[in-house]
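Because only heavy atoms are used, hydrogens play no part in the values below, and waters and symmetry mates are left out as well, while side chains stay in. Chain naming here is simple, since letters A, B, ... match the order of the sequence lines and numbering starts at 1 in each.
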Amino acid sequence: MFKIVDKQELAENIIEYTVDAPDVARHHHAGQFCIIRVHSHCERIPLSIAETDPQAGTITLVVQIAGHSTKELAQLEVGDAILDVVGPLGRPTRIGSPKRAVFVGGGVGVPAGNLMAREMKQAGAQVLGIIGFRTKDLVIYEDKLRAATDELIVTTDDGSYGYHGLVTEPLQQQLEAGESYDLVITVGPVVMMRAVAEVTRPYGIHTIASLNPIMVDGTGMCGACRVTVGGETKFACVDGPEFDAHQVDFPELALRLEMYGDEEIRAHEAGPHECRLEQSLNESG
Amino acid sequence: MDAKERMKLEPVPMPELEVSERLSSFAEVNLGYSEQDTQAEAERCLQCKKAPCREGCPVDVDIPGFIALIREGSYAEAGLKIKRTNVFPAICGRVCPQERQCQERCVLAKRGKAINIGYLERFVGNYLIAHPEEQINAAPATGKRVAVVGSGPAGLAAAGDLAKLGHQVTVFEALHRPGGVLVYGIPEFRLPNITVDNELETLRRLGVEIRTNVVVGRTLTIADLREEMGFAAIFLGLGAGAPIFLGIEGENLPGVMSANEFLTRVNLMRAFDEDYDTPVQRGRNVTVIGGGNVAMDSSRCALRLGADSVTLLYRRTRAEMPARVEEVRHAEEEGVIFELLVAPTRFLGEEGHLTAVECLRMELGEPDESGRRRPIPLPGSEFIVATDQAIIAIGARVNPSARLVMPGMEQDDGGHIIVDRETLMTNIPGVFSGGDVVAGEETVIRALSDGRKAAQAIDNYLRSK
Ligand SMILES: Cc1cc2nc3c(=O)[nH]c(=O)nc-3n(C[C@H](O)[C@H](O)[C@H](O)COP(=O)(O)OP(=O)(O)OC[C@H]3O[C@@H](n4cnc5c(N)ncnc54)[C@H](O)[C@@H]3O)c2cc1C
Ligand SMILES: Cc1cc2nc3c(=O)[nH]c(=O)nc-3n(C[C@H](O)[C@H](O)[C@H](O)COP(=O)(O)OP(=O)(O)OC[C@H]3O[C@@H](n4cnc5c(N)ncnc54)[C@H](O)[C@@H]3O)c2cc1C
Ligand code: FES
């Protein structure tokens, strides 16, 4: 049993949990995730780790209340326990030694960037953060990302806060203005990551996407999480979840995410942000 | 009764659930012998002095010995006799390929009347579970701690013996439920999870601690186990659980999945039960690719989940199928259609979902390394099978991430851990291994046997230090 030591509602349907999981906290590196099971009848759901405190033995998860399992999770309060937490799973981010790096996050993918940006800085990089949300009320982790980066741009789809537009726009502008970067890491909805990959591709910037396929065990035992990267099948839970974004077959990933999906929820979750991106991607071929 | 009279007795059939009842539930198909059935079957045993059946048993269970005890009505003693070499009779009685082991060698097998040794074993295994107080107690505590990584049959057998030898044992399991393939792979209707839970309960009574949700190499490292947590020896029973795919076009289409994914959703996550949240695709016209136990289990699960048809595509003939004969028979009785001598060449989809699989017909050529005749494709024989769910059950291999578990440990090109054949010790002193991670896809009984052998070697190692 993994005790919940803190619970914060960051925005509507977005909850931050701090959970007692000392072994995970001690061994976790940026880019890895965990799998939780709320109670004995629940699914195993993968979640990124937004923060760890090895001394206190805790990890922090930021959860979008999407469907049944995350709703079950939302019922839990401080003092309650999550039945199962296993991790850290997946490979740590391979940051290398970039000089200038960008983190591009969208929605509930933003918190994962907290540790990534921090590690990029530790590796000696100057870090630009670009984080996007549908609207002002959904902005999360702004302060943390501001602290973890050298410069932060916040975007909203409706212009209610920060830059009015999609995360790819400021990124494009930076590149067009001749700013050079040697690493881009992106975490967020599939369409967003795909769009980021398309923006950086002509510039040949090494771009990493943290993929979020459906998973079951998370240990390489089932292949539910398989993705195609550079024409080869990979298991995201053990070979990833991070891959070269220029090599990822994003349409296949999107298709596979629909497999057990409830179309209605997805449509709602995607919102205008993704639809516009989808449209622009389709227009650009 | 003399031998001649005994030879005239007919084998006692296993009482089974009616086919119609089977398809509407995941209840166990084999209902088990009654005491009367058990006595009648035991009566047939000729008590051969040479006992060829024992030679067929990978762990040399004293088969005539336990059958003699059954005849006397000493079921607990019969069970304990089996347990001397096979710790989990209730499990092996259900899943061992007896027809290729003990029963194949039975002198009555020539007349097609081999003693149903597995059914007898199952009866006494169940008896022991129902009468747990009659079990052997542990030796005095040695004060040594041993870590067992992986809770499949290899790990559990090692843990049980090490505990009986007086060591303090902790089992670490990556999943949320211990048991390995016994709980995530083999379905309820063949091996109810309660059977495994009973064995786990026995281990706990022996003082074995079981920690789930620990991926060794990730959650804890071997260095943590040895240096910080004080484990003096380690047994790795990691299994060979990574699914193999065909590597053909369309394989990542929704609707195509590994047997491991399908069976894990159904068995471990209990997707067949409405009270559980994990979904599983319930195809209407399901195809299953393969001819082993995994393929039979997948086919039979798909039927129970309500498929209109389940077609098994196997590239050789029935004679080469590696599955237990009982599973093949049950699958056929339940309505699985066997398409033999065919191999899939690509998956076809429409609107982002699987709709068909294209296959080639095969013929059998010369025997290959496995001694089975090699399937050879017949050019131009392509044909299409309409299907909305394809389950790939062509085998599994060692998980590539096993390399993370113990840096510096020797593994072969296939990832199998290399061990000393006598002691099962790896190249790292104090680290032992066995089961499928060493031998490749094998059987429950071989994994159990490795676990026991390693326990003995670990005991010697610890006592010599
Ligand atoms: C490596 C990894 C890290 C993740 N990190 C986070 C995180 O930090 N915070 C967070 O809120 N979510 C994260 N996710 C997604 C999260 O696991 C899913 O949102 C969750 O499983 C949905 O469960 P549910 O039962 O509530 O919803 P469901 O009822 O299962 O699904 C609700 C909707 O979410 C979609 N969905 C299901 N699984 C996924 C998935 N894996 N990714 C995206 N959409 C999915 C469904 O298609 C459906 O439309 C991560 C996924 C992966 C693979
Ligand atoms: C569907 C199916 C049906 C089968 N039917 C039969 C049958 O009828 N008869 C028969 O004899 N055999 C059968 N087999 C084969 C048999 O189940 C295996 O040979 C046997 O289970 C191998 O045992 P094991 O202990 O080596 O590994 P496994 O049973 O595979 O157990 C390994 C365990 O280790 C865990 N693990 C792996 N890595 C780590 C890690 N790093 N940290 C912590 N834990 C870890 C895994 O999660 C797993 O629980 C079947 C197999 C399958 C898949
Ligand atoms: S989730 Fe099962 S292999 Fe990745």
At a cut-off of 3.5 Å, what donor and acceptor atoms pair up between chain A and chain B?
| residue | atom | partner | partner atom | Å |
| --- | --- | --- | --- | --- |
| Asp23(A) | OD2 | Arg211(B) | NH2 | 3.0 |
| Arg26(A) | NH1 | Glu228(B) | OE1 | 3.3 |
| Arg26(A) | NH1 | Glu228(B) | OE2 | 3.4 |
| His27(A) | ND1 | Thr219(B) | O | 2.8 |
| His27(A) | NE2 | Asp224(B) | OD2 | 2.8 |
| His41(A) | O | Asp277(B) | N | 2.9 |
| His41(A) | ND1 | Asp275(B) | O | 3.0 |
| Arg44(A) | NH1 | His176(B) | ND1 | 2.8 |
| His68(A) | NE2 | Asp277(B) | OD1 | 3.3 |
| His68(A) | NE2 | Asp277(B) | OD2 | 3.3 |
| Asp84(A) | OD1 | Asn213(B) | ND2 | 2.8 |
| Gly87(A) | O | Thr219(B) | OG1 | 2.8 |
| Gly90(A) | O | Arg218(B) | NE | 3.4 |
| Gly90(A) | O | Arg218(B) | NH2 | 3.0 |
| Thr219(A) | O | Asn399(B) | ND2 | 2.7 |
| Met221(A) | O | Asn260(B) | ND2 | 2.8 |
| Cys222(A) | O | Ser258(B) | OG | 2.6 |
| Arg226(A) | NE | Asn252(B) | OD1 | 2.7 |
| Arg226(A) | NH2 | Glu251(B) | O | 2.7 |
| Arg226(A) | NH2 | Val256(B) | O | 2.9 |
| Thr228(A) | OG1 | Asn252(B) | ND2 | 3.1 |
| Thr233(A) | OG1 | Asn252(B) | ND2 | 3.3 |
| Glu252(A) | OE2 | Asn252(B) | ND2 | 3.4 |
| Arg256(A) | NH1 | Asn252(B) | O | 2.8 |
| Tyr260(A) | OH | Gln281(B) | N | 3.2 |

Using heavy-atom distances under 4.5 Å, tell me whether Val256(B) contacts chain A through its side chain, its backbone, both, or neither.
both
Winner by heavy-atom pair count (cut-off under 4.5 Å) against chain A, out of Leu404(B), Val280(B), Val214(B)
Val280(B)
Among Ile392(B), Leu175(B), Val215(B), which residue forms the greatest number of heavy-atom pairs with chain A at distances under 4.5 Å?
Leu175(B)
Could you tell me which portion of Phe245(B) (side chain, backbone, both or neither) has an atom closer than 4.5 angstrom to a non-hydrogen atom of chain A?
side chain
If we only count heavy atoms from C-beta on, is the Val238(A) to Pro400(B) side-chain gap below 4.5 Å?
no
Which heavy-atom pair separates Gly220(A) from Pro243(B) by the least distance, and what is that distance?
O-CD, 3.8 Å
